[in-house]
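First up is the structure itself, then whatever we jot down about it.
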Number of protein chains: 4
Amino acid sequence: MSRRDAPTADRPSRPAAEPTASGPDAKAPRPVTRGRVEKRQAILDAALVVFAREGYDRAGVDVIAAEAGVAKPTVYNHFGGKETLFREMVLSSAIRSRESSLAAIDALPVAPADLTAELLGLAHRLAVCFRDPRAWVLQRVLVTESAHFPDLLKEVVGDGTSRITEALAGRLALLGAAGRLDMPDPVRAAAHFFALTTGEVLTRSLNGARPTEAAELDAILAAGVDTFLRAFAADRCGG
Amino acid sequence: MSRRDAPTADRPSRPAAEPTASGPDAKAPRPVTRGRVEKRQAILDAALVVFAREGYDRAGVDVIAAEAGVAKPTVYNHFGGKETLFREMVLSSAIRSRESSLAAIDALPVAPADLTAELLGLAHRLAVCFRDPRAWVLQRVLVTESAHFPDLLKEVVGDGTSRITEALAGRLALLGAAGRLDMPDPVRAAAHFFALTTGEVLTRSLNGARPTEAAELDAILAAGVDTFLRAFAADRCGG
Amino acid sequence: MSRRDAPTADRPSRPAAEPTASGPDAKAPRPVTRGRVEKRQAILDAALVVFAREGYDRAGVDVIAAEAGVAKPTVYNHFGGKETLFREMVLSSAIRSRESSLAAIDALPVAPADLTAELLGLAHRLAVCFRDPRAWVLQRVLVTESAHFPDLLKEVVGDGTSRITEALAGRLALLGAAGRLDMPDPVRAAAHFFALTTGEVLTRSLNGARPTEAAELDAILAAGVDTFLRAFAADRCGG
Amino acid sequence: MSRRDAPTADRPSRPAAEPTASGPDAKAPRPVTRGRVEKRQAILDAALVVFAREGYDRAGVDVIAAEAGVAKPTVYNHFGGKETLFREMVLSSAIRSRESSLAAIDALPVAPADLTAELLGLAHRLAVCFRDPRAWVLQRVLVTESAHFPDLLKEVVGDGTSRITEALAGRLALLGAAGRLDMPDPVRAAAHFFALTTGEVLTRSLNGARPTEAAELDAILAAGVDTFLRAFAADRCGG
DNA sequence: TATGAATGAGGGTTCATTCAT
DNA sequence: AATGAATGAACCCTCATTCAT
């Protein structure tokens, strides 16, 4: 008769990794019914995955909803539509990515014993940030859809140098003041550091289209840091 | 100007394959083979414009056909469908772009009087190549659709270093042999030259989403060449 | 790769009802392929039927297309969308209806032998016009959707008295000049004629929701004409 | 009936307390269960407003609930669904409208000093009734949705002549008996009175789509009463 | 060969309705 | 009893693609 005869057990699937002990003696047989507020996050996560995999146009709201384990209108209840969902997903991902990048930069010591090793470590940390699917979508989807969402660019990256570049520039300036680096312009040096390390990684991986192997990643980053130090190390002419 | 520019003179003669350089002399004023083959080229040109502007999914075959001044089924007569049209357009554009980039590299003197000026000139020529809409589509559309046309990447760029990088590496190696540059690895240096110049231009313009002004372009390229020479000039430690 | 699967060779079928004699000796194998231009009229006819039956909102473009024997996008090729289709259908129906009503009025003799009989004949002719489904949609759908298509009213009926009322007023004025009617205001008399005859028919049939039987129709019209003549016949006080 | 199948008998619970006369005594002052019952009335009022403004299909339950200041499920708790809500709203409005019309008719004096003035007064009172939004919805929504709720017509208007017409017919018959009117059939005369007065008002206002100004209203009603008296006044031939 | 007309499939969005609180 | 959140079913519309001319 009606379409809701057995409300239980016919929920489509929801893999729902559920790392908790799902042993037979679970007290509360609570089904997968996760809290209401978590659905919003589930949709955002699913949107990240699907948008990153398919691109904006090819991504179907059906697919996102299915990936999130909700019905399609639920997406429209939480977010207004496909575009708003995309925007909020990008923005939240941007924040996460920026924070992780800033943290990576923050971990750069001001007075390192081995400058090369520390810069290499920074490059690796940043590369991890950039290769995190969560951030990867920024480098991929922003480029992909930037022409159609021009305002997203303004919100995510600043107008000129981004906050991340400025953060690194500050660190590099400290290293310069400490006599370890010799740069005409720390901001420019920071930009070039990114260009030589994470930028090269993205270029070589074709913005994530081709997975980069660990060895290749190491080589790229080592080469980038080496060139950077050839250009800006205070003792680059022997010492 | 709608789609009926030349209503007369469409004779059903020969397919007349390969409109590309049909002889060693590309300057010949085109023996006016007007009628059939030009439609194919018009469609390709329109496809370049529309695909670059809209992206693969958003680009409509109607729009491409209108832009080319032909009817929609004509597109299907010439090319098999949207995907084939996209592929052929990308490939032909890739060839054009590669040729212009190689030409720009070829113009780099082997024994320059002013190395900085010559490298700066190269950077400008390459930037022009990359900012040409014809080539821009490669940097933009390839990234955009690379996940959905993975084979196009293999065909356009090589597996590892591209032919363009190799060409520049050859020139840089000559400059190294001439004692003007000091590089551990010319290929790596070439890649870093691109990263510091055209790569930075693309980054700053957000892959073409934001138009870069001439002054900013100059500054970016000058900074990139400066860093490059700080790293690899043979006389970088004074001399 | 594209949104569609590769078009291999599995075109589904096209059942194509084919009500024509599909015997083996059909001379002209002409399928149902009615001329191109006729599809537009078929869609308009179907729209009239469906809109009249379902109302604007409930009417589905799918249903209209099926009723017309065309595919859904064909409706969108001919007309821009649901609203435009509705507008054009209403307008074309309005013209047809107005013409038939005007013709009915035109057939009213100027110097009738039996005035009562002639007015009754006019009432019947008008009632037929109004009960024609083609015109019925005007009285029904215009009322139904007038709030949402206010401009349609302005286009179909004039601002004040409609052309039809004016036409009847002209005839009544002639009858007044001929000494057969005695009216203070022919326009008002014409409006009241409609109110007493076709208006009553519509009221009693609840705007077409309830089919009126022939006998009831006769009675309504006879009563209306009688009242009209009681009010406006020149010899109403005996003569 | 609605877009969905009619919820015949699988409504899970909702005994539907039958707010209509739930016993032989309808006068019981209802034990003041305040707070609850007022919501029901608020929903009915909101439904009247929204259904009248938007029509059945375009009216959203969300909008009605918002207009009533309740949540959407509350509407479903009180009434079973959209269709039931519509029915109950129409019925309650019909009762109100009928009562007011009957009251207007009741106020018509049996032995008026000035018959014309009294009939004109009646016409104005009825016009006010019909122009009250509360009753207007009957003339508008009933026509609009009559095809889809045929039973509502049967319940609201009788099968043939409505109770209102009968009431007026009774009064007119009294006036006939008093020698003030001369009618072959009082019921028919009553129907024609409505057709010439309120019917004309509705026609000219296009069933409420176009607001009628006071002056125009006066003229319409005066003309209708005049024609009515030309037809049915006992002294219409001078006396 | 080039085209106007037609189509099947699918996308985004809304809505009446129900569940869990 | 009342509500926020969730859902299945359509609906309007678009697009890549193919006939028939």
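Letters A, B, ... are given to chains in the order of the sequence lines, protein chains preceding strands, and every chain is numbered from 1.
- Within the 4.0 Å cut-off from OP1 or OP2 of F/dA1, not a single side-chain nitrogen or oxygen of D/His78 is found.
- Minimum heavy-atom separation, D/Leu44 to D/Glu88: CD2-C, 4.1 Å.
- Among the heavy atoms of the strands, none lies under 4.0 Å from A/Ala65.
- Checking E/dG8, F/dT17, E/dA5 against the side-chain heavy atoms of C/Ala71 singles out E/dG8 as nearest.
- Closest to the A/Tyr76 side chain, of the nucleotides E/dT14, F/dA16, E/dG4, is E/dT14.
- Closest-nucleotide positions on DNA chain E for C/Asn77 and D/Val61 were compared, and the one nearer the 5' end corresponds to C/Asn77.
- What separates CZ of B/Phe79 from C1' of E/dA2 is a distance of 15 Å, to the nearest Å.
- Using the Watson-Crick or G-U wobble rule with both distances under 3.5 Å, E/dA20 pairs with F/dT3.
- Comparing E/dA2, F/dT3, E/dT7 by their closest approach to the side chain of C/Lys39 singles out E/dT7.
- Contact check, A/Thr74 against F/dT7: a side-chain N or O comes under 4.0 Å of OP1 or OP2.
- Atom CD in B/Glu54 sits roughly 11 Å away from atom P in F/dC15 (whole-Å rounding).
- For D/Lys72, taking side-chain heavy atoms from C-beta onward, the closest of the listed nucleotides F/dA6, E/dT7, F/dT3 is F/dA6.
- Checking F/dA6, F/dC13, F/dT14 against the side-chain heavy atoms of C/Lys82 singles out F/dC13 as nearest.
- Following rounding to the nearest Å, B/Asp62 (CG) and F/dT14 (C1') show an atom-to-atom distance of 9 Å.
- Between the CG atom of D/Asp57 and the C1' atom of F/dC12 there is a distance of 15 Å, given to the nearest Å.
- Look at CZ on D/Arg58: it is 17 Å from C1' on F/dA10, rounded to the nearest Å.
- Following rounding to the nearest Å, D/Leu85 (CG) and E/dT17 (C1') show an atom-to-atom distance of 14 Å.
- Between A/Tyr56 and A/Phe51, the two ring planes are parallel [angle under 30°; tilted spans 30° to 60°].
- Sequence order on DNA chain E of the closest nucleotides to A/Ala59 and B/Pro73 puts B/Pro73 first from the 5' end.
- Here F/dA6 presents its C1' atom at 16 Å from CZ of A/Arg40, a figure rounded to the nearest Å.
- Distance CD (A/Glu38) to C1' (F/dA5): 14 Å, rounded to an integer number of Å.
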